[in-house]
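The sequence lines fix the lettering, A, B, ..., with proteins before strands; numbering per chain opens at 1. A quick note: this is a predicted structure, and the numbers were derived from the prediction, not measured.
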Protein chains: 4
Amino acid sequence: MPKPRFQRRKEDRPQEITAAAFAAFAEKGYAATRVDEVAKRAGVSKGLLYLYFKTKEELFKAVVRSLVMPRVDALTASIDTTELSAEEFLRGPFLDFVKKLPGSPVSVVIRLLIAEGPKHPDLVQFYWDNVVSRGLATITELLERGVANGEFRRSAVNDMPHLVIMPVVFSVVFKLLFEEQTLDTDKLIETQLELLIAHMKGAAS
Amino acid sequence: MPKPRFQRRKEDRPQEITAAAFAAFAEKGYAATRVDEVAKRAGVSKGLLYLYFKTKEELFKAVVRSLVMPRVDALTASIDTTELSAEEFLRGPFLDFVKKLPGSPVSVVIRLLIAEGPKHPDLVQFYWDNVVSRGLATITELLERGVANGEFRRSAVNDMPHLVIMPVVFSVVFKLLFEEQTLDTDKLIETQLELLIAHMKGAAS
Amino acid sequence: MPKPRFQRRKEDRPQEITAAAFAAFAEKGYAATRVDEVAKRAGVSKGLLYLYFKTKEELFKAVVRSLVMPRVDALTASIDTTELSAEEFLRGPFLDFVKKLPGSPVSVVIRLLIAEGPKHPDLVQFYWDNVVSRGLATITELLERGVANGEFRRSAVNDMPHLVIMPVVFSVVFKLLFEEQTLDTDKLIETQLELLIAHMKGAAS
Amino acid sequence: MPKPRFQRRKEDRPQEITAAAFAAFAEKGYAATRVDEVAKRAGVSKGLLYLYFKTKEELFKAVVRSLVMPRVDALTASIDTTELSAEEFLRGPFLDFVKKLPGSPVSVVIRLLIAEGPKHPDLVQFYWDNVVSRGLATITELLERGVANGEFRRSAVNDMPHLVIMPVVFSVVFKLLFEEQTLDTDKLIETQLELLIAHMKGAAS
DNA sequence: AATGAATGAGTATTCATTCAT
DNA sequence: CATGAATGAATACTCATTCAT
């Protein structure tokens with residue numbers, strides 16, 4: 001009896017499992033997802049799954065890590081290396097990146113965090129350290145660069161980079177809850193960005 | 001004389017139970033809250049709880065209803081009857097109201113909705129109809145009044161009342177997730193409101 | 001506020017309750033019938049029901065007693081007072097009586113006894129003493145009268161009066177189980193009776 | 001060395017469980033039997049039981065199937081292959097088979113069917129199709145063979161094979177209810193068979 | 001390494017019975 | 001007498017985790 005021609009290499013297993021887990025969590029949420037289901041989706045036995053992830057919770061954390069880290073890395077790298085002015089970067093790459101978030105896997109992660117956060121403080125901490133905190137820092141840095149360039153005047157926004165991410169989070173949450181209801185999230189994000197840029201470029205208020 | 005084992009207080013029971021349920025849901029989330037726990041907190045037997053609420057789900061819905069409706073009612077009533085100008089209302093009663101939301105029971109409801117929403121579409125619908133939709137309509141109305149008064153010029157904000165609630169939702173979510181991390185939600189909300197008012201009062205952009 | 005014109009006399013209550021209970025038991029069986037349901041059908045509060053019947057089991061027994069006794073009484077009385085010959089009685093009143101049993105309330109009682117009997121030995125005993133035993137004795141007596149009259153010869157049937165009731169019990173059980181399937185129970189009962197009479201009248205076997 | 005906590009015996013489990021379930025049902029009836037009890041009797045965890053049988057109801061059906069089918073199969077096979085005359089077969093193998101039924105597991109199944117039938121119509125249907133209907137057909141066939149052989153004349157019995165099973169059903173029910181009371185079921189069954197054979201062999205009635 | 005049979009603690013819901021009013 | 005609100009014991013079913021094979 002010949003071996004199957006393509007035998008899955010064991011190095012890929014964890015990835016395949018977290019991918020399957022993400023899909024399941026996205027559909028049903030953490031609590032409602034059964035480990036059997038994840039194993040089946042991953043084409044793996046339950047026993048093997050437990051070989052890679054000690055508990056369902058570990059699996060959950062691995063999913064969050066693997067989904068979110070790459071994106072943030074990409075964004076910060078792009079800010080650090082860009083040659084665009086601050087305004088150009090905001091209107092260009094940043095806006096592009098940010099408009100993709102509502103409806104993306106990231107929004108699922110946010111749902112999971114909100115739902116399960118109270119029971120997984122270390123996960124929330126991880127998310128804060130690696131995503132939110134870094135994201136805010138990166139934006140602050142970008143705005144400071146704008147001030148340094150003379151593009152922007154210093155304003156309240158420099159101390160509240162949250163104003164920049166705000167429409168994204170809002171859009172994500174809105175979409176999560178009211179998929180049915182239409183909200184032009186692109187326009188919302190753009191409008192807020194316009195408001196902020198106008199304010200930052202405007203005469204002293 | 002110890003409290004009697006049987007106490008007939010038909011009128012108050014539902015309230016007492018939903019109050020207890022809210023407390024429990026707030027602490028542990030819906031799924032992790034045991035019906036026994038709610039009954040115990042309410043000082044009531046499990047059987048009685050089921051006399052008033054057919055299922056745990058029904059109880060959940062009742063909690064949401066009883067917590068949220070009154071607040072929205074109060075706000076819309078206040079807008080309809082106020083004699084303040086639009087700007088005065090926004091800076092006064094509206095701001096006061098809205099600053100109280102992050103950290104209030106409402107934010108718990110939002111967490112519950114985000115977490116359990118996918119499994120309770122009718123609850124989400126109820127929330128949309130009675131809270132979000134009405135809230136947005138009320139704000140739109142207020143802004144229109146401002147335009148009619150000549151206080152504001154017509155702008156993108158008239159079509160995107162979401163910009164006004166946005167910082168509230170953001171603050172709620174932020175507080176839900178990162179209680180530890182400090183965010184001056186009051187300031188965030190105020191700043192966004194200033195931005196918007198300035199924009200609406202400003203020269204044509 | 002005037003009293004209702006027809007106030008139910010308390011003497012009738014137990015009857016009304018057992019009637020309601022019978023209806024409920026007949027539909028759903030003993031275990032599946034809730035006491036609330038019986039109380040509601042009887043137009044009485046649950047508390048009052050428990051005033052008359054200490055437990056659900058007591059109620060069950062009362063139902064069986066009240067339904068079955070009158071019928072047996074009627075049959076034995078009729079045998080004792082008849083002026084018909086044994087054969088005439090069998091072909092006449094007995095056959096009429098017996099053909100009515102399948103599908104009648106009695107068959108419900110039998111179902112209840114079979115289903116719940118193991119848990120209510122005293123009830124079964126009661127039924128044996130008052131119904132089956134008396135019924136068999138009555139039939140034996142009738143057959144003996146026939147032998148004494150010279151209508152019948154003595155045969156195995158005299159020692160096995162069960163042969164006479166047999167088709168009735170069979171029909172009852174058959175109808176209970178296979179309502180759907182057609183069985184001409186009247187014909188079955190008649191045929192068996194013919195067989196027996198022929199045998200009892202026949203030449204010595 | 002004590003028995004290991006985990007034992008893998010996939011093949012035998014269903015059998016062991018249905019056997020345990022039968023014993024429990026026989027003692028207490030369906031409703032009064034707890035699933036825990038069945039699991040304990042089978043020396044198996046509750047969880048495993050649910051691995052093989054989706055619900056308690058499924059388990060019940062499996063019990064009925066596994067107990068009853070083999071017996072009917074044996075009887076019909078034996079009729080189809082016998083070289084005995086119809087009368088010989090009735091007096092021999094048939095009588096032997098049938099006398100064993102009262103008090104056998106089959107009678108328990110009948111109790112369960114009568115008690116739970118109304119709530120499990122499909123089970124009753126199954127029983128009708130596979131047991132009663134087939135049984136009656138087999139007997140009809142046997143009697144027809146007798147007529148064809150010239151052993152029997154055609155009579156009402158040909159259209160009412162129920163007359164042949166009747167004493168068995170009666171005996172089963174009688175034993176179920178009145179174990180205490182003595183009834184010589186063997187004699188009852190034999191007597192009825194004699195009656196029928198005499199009638200079928202007798203001169204035209 | 002890989003499987004999936006086996007475990008058992010955990011939980012929503014029902015319903016006979018009691019008792020304050 | 002009469003009510004029905006209140007009790008709490010009882011039970012089917014689930015699912016994360018373990019381990020014999």
- Message: From CD of C/E58 over to C1' of E/dT17, roughly how many Å is that when rounded to an integer?
- Response: 14 Å
- With heavy atoms under 4.0 Å as the rule, sort B/Y52 into base, sugar-phosphate or nothing. sugar-phosphate
- Query: Is the closest side-chain heavy-atom distance between C/F60 and C/F53 below 4.5 Å?
  - Reply: no
- Task: Using atom CG of B/L48 as one end and atom C1' of E/dC19 as the other, report the distance to the nearest whole Å.
- Result: 14 Å
- Item | Watson-Crick/G-U partner (both atom distances under 3.5 Å) of F/dA20 | E/dT3
- Mind checking who F/dT11 pairs with, Watson-Crick or G-U wobble, both distances under 3.5 Å? E/dA12
- E/dA2 P sits how many Å from A/K40 NZ, rounded? 20 Å
- Query: After noting the C-alpha distance and the side-chain angles of D/R41 and D/E16, does the key distance pass the salt bridge (Lys or Arg N to Asp or Glu O under 4.0 Å) rule?
  - Reply: CA-CA 9 Å; D/R41 283 196 196 223; D/E16 293 170 8; over 6 Å; no
- Message: Both A/D36 and C/K56 contact DNA chain E. Which one's nearest nucleotide lies toward the 5' end?
- Response: A/D36
- Residue-phosphate contact under 4.0 Å: A/R13 side-chain N/O, E/dA1 OP1/OP2: no
- Query: Between C/V38 and C/L49, is any pair of side-chain heavy atoms under 4.5 Å apart?
  - Reply: yes
- Counting only distance, no hydrogens or angles, is the base of E/dT13 paired donor-acceptor with the side chain of B/K46 under 3.5 Å? yes
- Note on the structure: Whole-Å distance, B/L49 CG to E/dC15 C1', equals 16 Å
- Want to settle it: does B/G43 or A/Y30 sit nearer the 5' end of DNA chain F, counting the closest nucleotide to each? B/G43
- Where each residue is assigned the nucleotide of DNA chain E containing its nearest heavy atom, which of B/V35 and C/T55 is assigned the position nearer the 5′ end? B/V35
- Message: Minimum heavy-atom separation for A/T18 and A/A62, please, with both atom names.
- Response: CG2-CB, 3.9 Å
- Query: Could you state the CZ-C1' distance from D/R34 to F/dA12, rounded to the nearest angstrom?
  - Reply: 12 Å
